[in-house]
Amino acid sequence: MKIAVFASGNGTNFEVIAEAIQKKRIEAELKLLICDQPKAYVLKRAESKAIPATILQSKQYPTKKAFETVLLEHLDRNEIDLIVLAGYMRIIGQTLLEKYADRIINIHPSLLPAFPGISGIKDAFAAGVSETGVTVHLVDQGVDTGPILSQQKVMVESDETLESLEEKIHKIEHSMYPSVIQAYIEKLQKEQVNS
Ligand code: GAR
C-alpha cells in the first residue's frame, strides 16, 4: 500500500505516521508529502526523514480542477493507493474525490459533527463544552464530513486552558491516527482479496 500524506502546517501527525511506518506499525510505504504552504514546518520534518516532498499551491492554478489535475499527476506517478490528510487545510475537490473515492482519510480535532473547520479545538473551548475529542473519518465533498472511522473523547476539566486542551488532543491524535490508518489499510486489503 503506497501512501501520500497531505499537510499544511507543523506536521506532528505527519512525523508520527512516518515513524509508525518505519516501525511497521503501519504496513505501507510513505511515498510522498504534498504540502500547500512553502514555509510549513512539515517540510523540514520530511527533509530530515528523507521523504520526498512536493509543494503545490492552488493559487498558482486558474481553477481547483487544474490544481487537482496536477496533484493527480504526482499521485499517479508515485502509484499512490491511499491519501492521508494530516492538518491539510484545504477542501478536497471533485477531481481528487472521484479518483480516490473511499481512499482519503482525515483527522479532525473535535467530536464531529461538532466544531468542523480550521479551528476545532479553539471553537470547542470557546463554546465551553465539557467534552470534546478527535475524529478520524473518510473524506467526502463536505468540510469535515464523511463516514466516521473512529472517535475518541477528551474531558474538558474546569481548570482547563486552551493550551492544555490542545496538548491533550494532540497526544490522542498521535496515538490514535496510526492505528486507525493501519486498521483501514487492513480493511482495504481484505476487500481487494475478496473482490
Ligand atoms: C491537527 O490537530 C489536525 O487534527 C488538524 O490540524 C492539526 C495539524 O497538526 N486538522 C484540522 O483541523 C482539519 N480540519 P500537525 O500539523 O501538528 O499534524
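Counting convention: from 1, in listed order, for ligands and their atoms alike. All values below were derived from every heavy atom in this structure, side-chain atoms included, with hydrogens, water molecules and symmetry-related copies excluded.
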Residues in contact with ligand 1, criterion: heavy atom under 4.0 Å:
N10, G11, T12, N13, G87, M89, I107, H108, P109, G117, D144, H170, E173

Check whether E173 reaches the backbone of I107 with its side chain - one donor and one acceptor, N or O, closer than 3.5 Å.
no

Rounded at 0.5 Å granularity, tell me how far NZ in K2 sits from CD in E29.
5.5 Å

Which residues pass the ring pair (Phe, Tyr, Trp, His ring centres under 6.0 Å) test with Y177, not counting sequence neighbours?
none

Partner set under ring pair (Phe, Tyr, Trp, His ring centres under 6.0 Å) for Y61, not counting sequence neighbours
F67

Pairs meeting criterion side chain to side chain donor-acceptor pair (under 3.5 Å) with involvement of residues 44-54, two or more places apart:
N10-R45, E15-R45, E19-K49

Please say whether more than 12 non-hydrogen atoms of neighbouring residues, nucleotides or ligands are located less than 6.0 Å from CD1 in I118.
no

